[in-house]
Amino acid sequence: MPRGSKSKYTAAQKHKAAQIEASYEDRGVPKQEAEARAWATVNKQSGGGERRGGSGNATSAAQKARARRDSARQAASTRRGNPRADSPLETQSKQELLHLARARQIPGRSTMRKAELISALKKAS
């Protein structure tokens with residue numbers, strides 16, 4: 001659950017957090033987790049509360065814009081899913097293979113070469 005007073009946030013920031021929270025709840029995330037994620041997103045995008053001081057004043061406009069872009073890219077990628085998950089293992093990068101191996105909890109994955117990762121992932125399927 002988010003900690004601290006939200007009095008330093010603008011009405012727009014509070015509205016944005018409420019919209020994000022509602023979106024998470026629609027996807028089945030528990031209320032407390034949805035609220036925490038919403039405020040974390042608002043903090044990342046705006047640098048914190050912007051009224052009368054607060055940590056948001058120390059964050060430059062360029063940093064805030066970069067955080068908003070990063071957050072938007074991440075949100076867009078989760079909406080459309082992982083487009084390469086259905087592609088053959090051989091066409092994926094080693095990083096993507098490591099991500100799949102991590103998800104399937106394959107032991108020794110960090111020291112494997114790409115061919116070894118492909119073989120281990122095929123065995124795990």
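This structure is a prediction, so every number in the text was calculated from the model and none was measured.
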Taking the side chain as C-beta and beyond, is there a heavy-atom pair between Pro30 and Gln32 under 4.5 Å?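 Side chain of Pro30 against side chain of Gln32, heavy atoms only: no contact under 4.5 Å found.
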Derivation of the side chain to side chain contact (heavy atoms under 4.5 Å, CB included) call for Trp39 and Lys14: CA-CA 9 Å; Trp39 283 108; Lys14 291 176 184 176; 4.0 Å; yes
Between [atom1] on residue [X] and [atom2] on residue [Y], distance to nearest 0.5 Å:
{"X": "Leu98", "Y": "Gln92", "atom1": "CG", "atom2": "CD", "value": "11.0 Å"}
{"X": "Lys114", "Y": "Leu89", "atom1": "NZ", "atom2": "CG", "value": "9.5 Å"}
{"X": "Met112", "Y": "Ile106", "atom1": "CE", "atom2": "CD1", "value": "6.5 Å"}
{"X": "Arg104", "Y": "Arg109", "atom1": "CZ", "atom2": "CZ", "value": "12.5 Å"}
{"X": "Gln95", "Y": "Leu117", "atom1": "CD", "atom2": "CG", "value": "10.0 Å"}
{"X": "Lys16", "Y": "Thr10", "atom1": "NZ", "atom2": "OG1", "value": "9.0 Å"}

Derivation and outcome, salt bridge (Lys or Arg N to Asp or Glu O under 4.0 Å), residues Lys122 and Glu90: CA-CA 11 Å; Lys122 285 181 179 178; Glu90 289 79 10; 2.7 Å; yes
Note: Tyr24 and Ala38 closest approach over all heavy atoms is CE1-N, 4.4 Å
Quick test of your reading of the model: are Glu21 and Arg37 salt-bridged, counting only N-O distances below 4.0 Å?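 Salt bridge: no.
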